[in-house]
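Notes follow once the structure below has been shown.
A quick note: this is a predicted structure, and the numbers were derived from the prediction, not measured.
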Amino acid sequence: KATVSVLNWIPHGPHPHVDTMLEAIESPRQLPCAEPGDVSAHYLSMNSVAYEKAWFYNDGTPYQHWLVEQVRAQGIAASADDRLLDIGCGTGNFTRLLRQAGGLRHDVVGVDPFLEPSVGDGMHRVKANAEDYVEGMAGGLEMPAQPGVPTAFNSVLMKEMVHHVDAEFGDICRGLRVHFATQLAAGAASSCSVVIVTRPRAPLDHYPFFAAAKRAWQDGVPADEAQLTARLRSAGFAGRNGTVTATHSAFPVEMPLGQWKAMVKGRFWSTLHGFSDAELAEELEAMDKNGEFDRFFVPEAGGSGDDRVIRFEDKLIFIKAALHQ
């Protein structure tokens, strides 16, 4: 395994605030995307502005605030004394909002292997792989001292990233359990939790995707809810002092068809990385021609062509693993 020397962070200002999604979709080519077939390049090519302008990640929206409250309802950043770690934090906009909503008194840490490190707004962004960082937390790797960066956590979030660490997920779970047990033994917390936010592996018929995109999602999400919860229990989040639960929730999404098409062309989900620009354009055109968007239209919204409004549900699963004294 690599050392955790990648934890070095470079202070600079906060990420730019994104005012509207519409500015991002005026031209799909304004949204950087990877060459087909390379998931790493997908994230390396996404700067903070482009990432946050994708509808599901746009900063300060009703959807984002709803998601923050869903996460807090699971016990993450629910108390001002919680010490929060966000694994796979992306740009960190969601992490910052979560810290604000919880009124957290301590700085939070966000870990991501692709975007640039930074510090500001009570948040430390650390460039590291999830498995290496958690192994360091559990004492398996020597972690270099970083002035001011918290190293103890009772509240851990893994949002929309677990499918990227499927092979390492068991080790991550075991590392978090070791870290939580250390915190409980030291009296630093009475309860510690990790919450995984993901989407159902199948079916995806409630999203206006073409068939090949749905298959790409299933191929890119190896583990379903039952498998994830089983791995958490196997890692030690079970028995007298542990619990594993799963909760489902959904948010009603409405947007112009043209906005959705631009997001798909911009590969707003990494599972779309395997499609070329031409393939995405052709698939979306075929959906239009074959009437596959029709069942998503909102008739009372009016409009024509790409101005027509579509409606669908974003369905999420919240898997919580907790360890108690």
Side-chain angles (χ1 to χ4, degrees), residues 7 9 11 14 59-60 64-112 117-126 128 130 133-139 143 145-159 161 172-197 232 235-247 249 318-325:
L7 295 178
W9 48 265
D59 206 4
Q64 191 187 54
H65 286 284
W66 168 81
L67 186 50
V68 163
E69 291 311 310
Q70 293 292 312
V71 170
R72 294 191 65 228
Q74 296 294 321
I76 299 298
S79 166
D81 289 323
D82 280 352
R83 298 177 182 272
L84 173 64
L85 169 67
D86 186 353
I87 300 176
C89 67
T91 62
N93 64 340
F94 185 84
T95 321
R96 291 193 299 273
L97 185 61
L98 187 57
R99 178 180 184 269
Q100 294 167 6
L104 302 189
R105 288 194 274 265
H106 305 288
D107 282 4
V108 301
V109 175
V111 175
D112 195 281
S118 66
V119 61
D121 295 335
M123 178 178 177
H124 302 268
R125 291 198 65 258
V126 176
Y133 193 82
V134 172
E135 186 173 350
M137 289 167 52
M143 298 175 67
Q146 298 294 331
V149 179
T151 58
F153 310 97
N154 72 308
S155 200
V156 177
L157 176 65
M158 297 175 68
K159 174 179 166 289
M161 57 77 65
I172 291 172
C173 294
R174 285 184 286 273
L176 288 175
R177 191 199 179 284
V178 169
H179 181 78
F180 287 166
T182 301
Q183 299 306 302
L184 295 174
S190 59
S191 179
C192 299
S193 302
V194 55
V195 168
I196 296 161
V197 182
L232 284 161
F237 289 97
R240 186 169 59 88
N241 296 325
T243 57
V244 178
T245 58
T247 304
S249 193
F318 300 83
I319 301 174
K320 177 180 179 178
L323 204 62
H324 316 281
Q325 284 183 335

>> Between V194 and M158, is there a side-chain heavy-atom distance shorter than 4.5 Å?
In response: yes
> So, does S155 use its side chain to make a donor-acceptor pair with the main chain of A77 at under 3.5 Å?
Replying inline: yes
> Is there a salt bridge (Lys or Arg N to Asp or Glu O under 4.0 Å) between R105 and D81 once you walk through the steps?
Replying inline: CA-CA 6 Å; R105 288 194 274 265; D81 289 323; 2.5 Å; yes
>> side-chain contact (heavy atoms from CB on, under 4.5 Å), that's the test. Do L85 and L157 meet it? Break it down for me.
In response: CA-CA 6 Å; L85 169 67; L157 176 65; over 6 Å; no
> Using a distance-only test with no angle check, is there a side-chain donor-acceptor pair under 3.5 angstrom linking Q70 and S249?
Replying inline: yes
>> Side chains of H179 and V134, heavy atoms from C-beta outward: is any pair under 4.5 Å?
In response: no
>> Could you tell me if the side chain of L67 sits less than 4.5 Å from the side chain of K159, heavy atoms only?
In response: yes
>> Checking side-chain contact (heavy atoms from CB on, under 4.5 Å) between S118 and each of M123, R125, H124, which is the one that passes?
In response: R125
>> Once rounded to the nearest 0.5 Å, what's the spacing between atom OG1 of T182 and atom CZ of R177?
In response: 9.5 Å
> Heavy-atom distance under 4.5 Å between the side chains of F318 and V71, does that happen here?
Replying inline: yes
> When rounded to the nearest 0.5 angstrom, what distance separates CZ in F153 from CG in D86?
Replying inline: 10.5 Å
> Please walk me through it: do V156 and F180 pass side-chain contact (heavy atoms from CB on, under 4.5 Å)?
Replying inline: CA-CA 10 Å; V156 177; F180 287 166; 3.7 Å; yes
>> Once rounded to the nearest 0.5 Å, what's the spacing between atom CG of L323 and atom CG of L176?
In response: 10.5 Å
>> Between L232 and I319, is there a side-chain heavy-atom distance shorter than 4.5 Å?
In response: yes
> How many angstroms lie between atom OG of S191 and atom CG of N241, to the nearest 0.5 angstrom?
Replying inline: 10.5 Å
> Less than 4.5 Å apart, any side-chain heavy atom of V195 and any of V197?
Replying inline: yes
> Between atom SG of C192 and atom CZ of F237, what is the distance when rounded to the nearest 0.5 Å?
Replying inline: 8.5 Å
>> Out of the candidates L98, N154, V108, I76, only one should pair with D82 under the side-chain contact (heavy atoms from CB on, under 4.5 Å) rule; please name it.
In response: N154
> Mind checking what makes salt bridge (Lys or Arg N to Asp or Glu O under 4.0 Å) contact with R99, not counting sequence neighbours?
Replying inline: D107
> Is there a donor-acceptor pair closer than 3.5 Å between any side-chain N or O of Q325 and the backbone N or O of A189?
Replying inline: yes
> Please, which pairs that meet ring pair (Phe, Tyr, Trp, His ring centres under 6.0 Å) have at least one residue in residues 66-97, sequence neighbours excluded?
Replying inline: Y63-W66, W66-F251
> To the nearest 0.5 Å, how far apart are OG in S193 and CD in Q74?
Replying inline: 9.0 Å
